[in-house]
Protein chains: 2
Amino acid sequence: MKRTTIKDVAEAAGVGVATVSRVLSGGSASPETRERVLAVAAHLDYRPSALGRNLRQQRTGGIGLLLPDLTDPLYGRLAEGVLACARSAGEPVLVGSTGGDPEQESELIGMLLEQSVDKVVAVPSGDADTWGPALRTGMTVVFAGERPDEPTEEPVDDLLLLDGLRGRPRVEGGIPTVLADDRSGVRTAVQYLKGLGHRRIAYLGGPGHARRVSAFREALGPLVDDELVVFAGGSRDAAYAAASGLFQSRPDLTAVLAGGNQLGEAAVLAARELDLRIPRDLSLVMYDDVPWAELCSPPLTVIAQPAQDLGYRAAELVLRAGIRRPRSVLLPTELIVRGSCGPRR
Amino acid sequence: MKRTTIKDVAEAAGVGVATVSRVLSGGSASPETRERVLAVAAHLDYRPSALGRNLRQQRTGGIGLLLPDLTDPLYGRLAEGVLACARSAGEPVLVGSTGGDPEQESELIGMLLEQSVDKVVAVPSGDADTWGPALRTGMTVVFAGERPDEPTEEPVDDLLLLDGLRGRPRVEGGIPTVLADDRSGVRTAVQYLKGLGHRRIAYLGGPGHARRVSAFREALGPLVDDELVVFAGGSRDAAYAAASGLFQSRPDLTAVLAGGNQLGEAAVLAARELDLRIPRDLSLVMYDDVPWAELCSPPLTVIAQPAQDLGYRAAELVLRAGIRRPRSVLLPTELIVRGSCGPRR
DNA sequence: TTGAAAGCGCTAACAC
DNA sequence: GTGTTAGCGCTTTCAA
């Protein structure tokens with residue numbers, strides 16, 4: 001089953017290959033030639049080979065998308081955003097799922113390099129070491145939803161850093177990044193909880209939550225209790241263990257902010273297991289809105305981030321790179337109050 | 001930023017390009033040459049261009065993945081399965097999301113053709129017309145999770161057709177398909193509900209549910225009530241409208257089988273809105289297990305299908321095609337009893 | 001064991 | 001306006 005090539009079309013139309021190429025890419029040609037070529041091409045069901053074109057042009061179309069886990073509804077929506085933008089630009093998308101593991105991420109970057117994919121949207125898991133090779137090769141990368149963790153533990157003022165006004169250079173060295181405004185999302189949630197009278201508020205975090213936790217500390221101010229800031233690994237089990245451990249070791253806490261939907265899930269499950277009633281015994285705010293948040297009883301109060309937009313904007317940036325110097329973007333979050341928070345008991 | 005080519009390596013190592021190619025693809029070479037080439041390649045951080053290779057070999061690596069919606073956890077898991085298999089084979093994956101729309105599906109198939117992707121795993125939305133062009137070009141296609149709908153409405157015996165023993169030829173004309181055993185899943189669920197005393201059982205279906213609904217009818221036998229079999233379009237809103245409409249028009253029904261997780265969501269929401277208590281007033285079984293099924297109160301009884309395996313197996317089939325003649329596969333489903341079903345009121 | 005050279009499908013530079 | 005041709009990076013004969 002041989003593929004129809006430009007040569008076949010040229011022969012059948014009685015013209016040279018260059019003419020066919022021109023006609024198909026909108027170049028100049030006499031109306032009659034154009035028509036004949038078009039007719040023949042349609043008749044032979046000719047499709048130009050992206051392989052040949054890309055090789056020739058030294059410019060591979062296509063954008064790569066690297067994220068931790070397609071199973072997470074957050075990343076699913078983000079991916080849909082990227083796909084939507086890519087489709088409207090007619091670009092194919094190569095997807096890789098890293099499992100949150102820098103090593104796999106690194107391998108997948110290698111794979112993209114091999115495929116000559118030079119535009120990448122990523123929800124990064126690794127740090128500068130992981131992304132260095134990609135950048136050195138001249139890949140255009142845009143981070144979405146996350147940015148590589150700071151190597152340090154010190155709380156840093158992200159907003160200022162984002163504006164590039166001070167602080168030492170960020171690991172990503174100016175890579176455009178599309179983020180939800182975690183700082184403001186967390187602040188709003190914490191203030192809401194404070195307003196309900198809560199004082200002992202816990203943060204249940206996961207990998208890559210440096211920004212959120214720093215915002216949490218800042219919003220809580222002197223109320224912050226280090227024991228109430230816990231981190232879980234990436235897995236569902238780890239999240240459950242962390243939630244359960246937290247609730248058992250500190251029965252005095254009255255509210256918890258779960259830093260992601262898996263952590264929220266874990267919190268709901270752990271609370272149920274320990275017979276903590278939400279919101280009577282424990283108020284819960286979950287980061288990220290997911291469909292099931294509304295199905296829970298009580299329905300969960302959440303910080304919603306525009307996941308699909310995150311992906312769409314990132315894809316836009318990566319496609320426009322070169323044309324316009326891409327800038328980082330901060331998208332708003334929204335506190336959606338449902339039923340999982342009550343006054344301090 | 002020019003990319004390192006095989007020529008650069010050859011020059012630097014003082015050998016011909018052919019030798020480099022041979023060494024890198026494990027061909028014969030003298031030990032010392034091999035070592036020198038390898039060293040130089042590593043030093044220059046050389047990565048063979050898949051573009052060049054594929055063009056030359058007329059065989060594009062890479063597999064295409066087409067599915068309705070990455071936002072649906074079912075397809076998310078399926079995609080993870082495909083990605084896992086592809087990664088272990090070192091193959092890149094091109095993903096397209098069709099929104100359940102045959103036209104978009106068709107366009108995406110065109111895009112894959114253009115990219116010379118000749119191996120595709122798909123959760124199909126379109127029918128024979130949509131997939132004809134792909135097959136005619138010699139694409140290897142494997143369907144996963146769904147198969148194109150029969151053009152007819154008559155209930156057909158799928159299992160026998162699957163075995164190719166009788167019935168008129170299926171639209172997909174022998175395309176390997178990896179499916180969950182819906183027939184048995186639905187049968188088990190219906191029998192479970194019958195065992196609880198239910199007689200007026202509804203089926204809440206979506207697009208592509210021909211198999212499930214036929215199994216439903218068969219399992220219910222003479223009890224089937226056509227008014228209780230309703231179909232919703234693909235959207236969340238449509239699902240909600242269908243569920244709500246069903247519950248209002250037929251308050252006498254005592255149990256419902258939701259044919260997918262979005263439909264299950266809709267059922268839970270609609271029931272809550274109408275003050276139908278689950279399971280006291282209404283028993284609910286949902287097709288497909290999702291994390292939030294356990295978080296609902298009551299936790300939902302579900303028919304679980306091995307979504308990730310579906311994807312993995314499909315990818316396996318598509319990669320092995322040519323080596324071994326691929327056969328269709330039926331994977332088991334499982335009824336997971338939680339708390340959303342009770343005895344007939 | 002190795003190198004030279006052809007050629008995969010395409011576009012762009014150049015000649016007519 | 002149109003044809004000829006070189007060459008993108010690679011693998012694979014074919015000779016040496």
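Convention: sequence-line order gives letters A, B, ...; per-chain numbering from 1.
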Practice item. Would you mind reporting whether A:Val15 and A:Val23 have side-chain heavy atoms less than 4.5 Å apart? Key: no
**Study point:** DNA chain C contacts made by residues 4-14 of chain A, counting heavy atoms under 4.0 Å
**Key:** A:Thr5, A:Ile6
Review point. What nucleic acid atoms does B:Ala29 come within less than 4.0 Å of, heavy atoms only: base, sugar-phosphate, or nothing?
Key: sugar-phosphate
Exercise for review: Tell me yes or no: between the side chains of B:Arg147 and B:Ser328, is some donor less than 3.5 Å from an acceptor?
Suggested key: no
Check your understanding: Does a side-chain N or O from A:Thr19 land closer than 4.0 Å to OP1 or OP2 of D:dG3, or not?
Key -> yes
Practice item. Please determine, for the side chain of B:Ser30, which listed nucleotide (C:dG3, C:dT2, C:dT11) has the closest atom? Key: C:dT2
**Study point:** Sugar-phosphate only, base, or nothing, as touched by B:Thr33 at under 4.0 Å among non-hydrogen atoms
**Key:** sugar-phosphate
Review point. What is the distance from CZ of A:Arg3 to C1' of C:dG9, rounded to the nearest Å?
Key: 9 Å
Review point. When the distance from CZ of B:Arg36 to C1' of C:dG3 is rounded to whole Å, what number comes out?
Key: 13 Å
Review point. Looking at A:Lys119 and A:Val318, what are the two nearest heavy atoms and their distance?
Key: CD-O, 3.5 Å
Check your understanding: Are the side chains of A:Arg47 and B:Thr137 in touch, meaning some heavy atoms are under 4.5 Å apart?
Key -> no
Check your understanding: B:Gln115 and A:Pro92: which non-hydrogen atoms are nearest, and at how many Å?
Key -> NE2-CG, 3.4 Å
Check your understanding: Is A:Arg77 salt-bridged to A:Glu80, cutoff N-O under 4.0 Å?
Key -> no
Review point. Do side-chain atoms of B:Asp8 reach the backbone of B:Thr5 as a donor and acceptor pair under 3.5 angstrom?
Key: yes
Review point. Quick check: are there more than 12 heavy atoms from other residues, nucleotides or ligands sitting under 6.0 Å from CD of B:Gln57?
Key: yes
Review point. Quick one: A:Gln115 CD to D:dC10 C1', roughly how many Å, whole number?
Key: 14 Å
Exercise for review: Answer whether the closest heavy-atom distance between the side chains of B:Pro68 and B:Val123 falls below 4.5 Å.
Suggested key: yes
**Study point:** Nearest-nucleotide comparison on DNA chain D, the residue closer to the 5′ end among A:Arg34 and A:Val17
**Key:** A:Arg34
Check your understanding: Which residues within residues 39-58 of chain A lie with some heavy atom under 4.0 Å of an atom in DNA chain D?
Key -> A:Leu55, A:Arg56, A:Gln58
Exercise for review: Would you mind telling me which of D:dT12, C:dT1, C:dA13 lies closest to the side-chain atoms of B:Ser28?
Suggested key: C:dT1
Study note, to complete from the structure: Between CZ of A:Arg22 and P of C:dG9 the distance, given in whole Å, is 20 Å
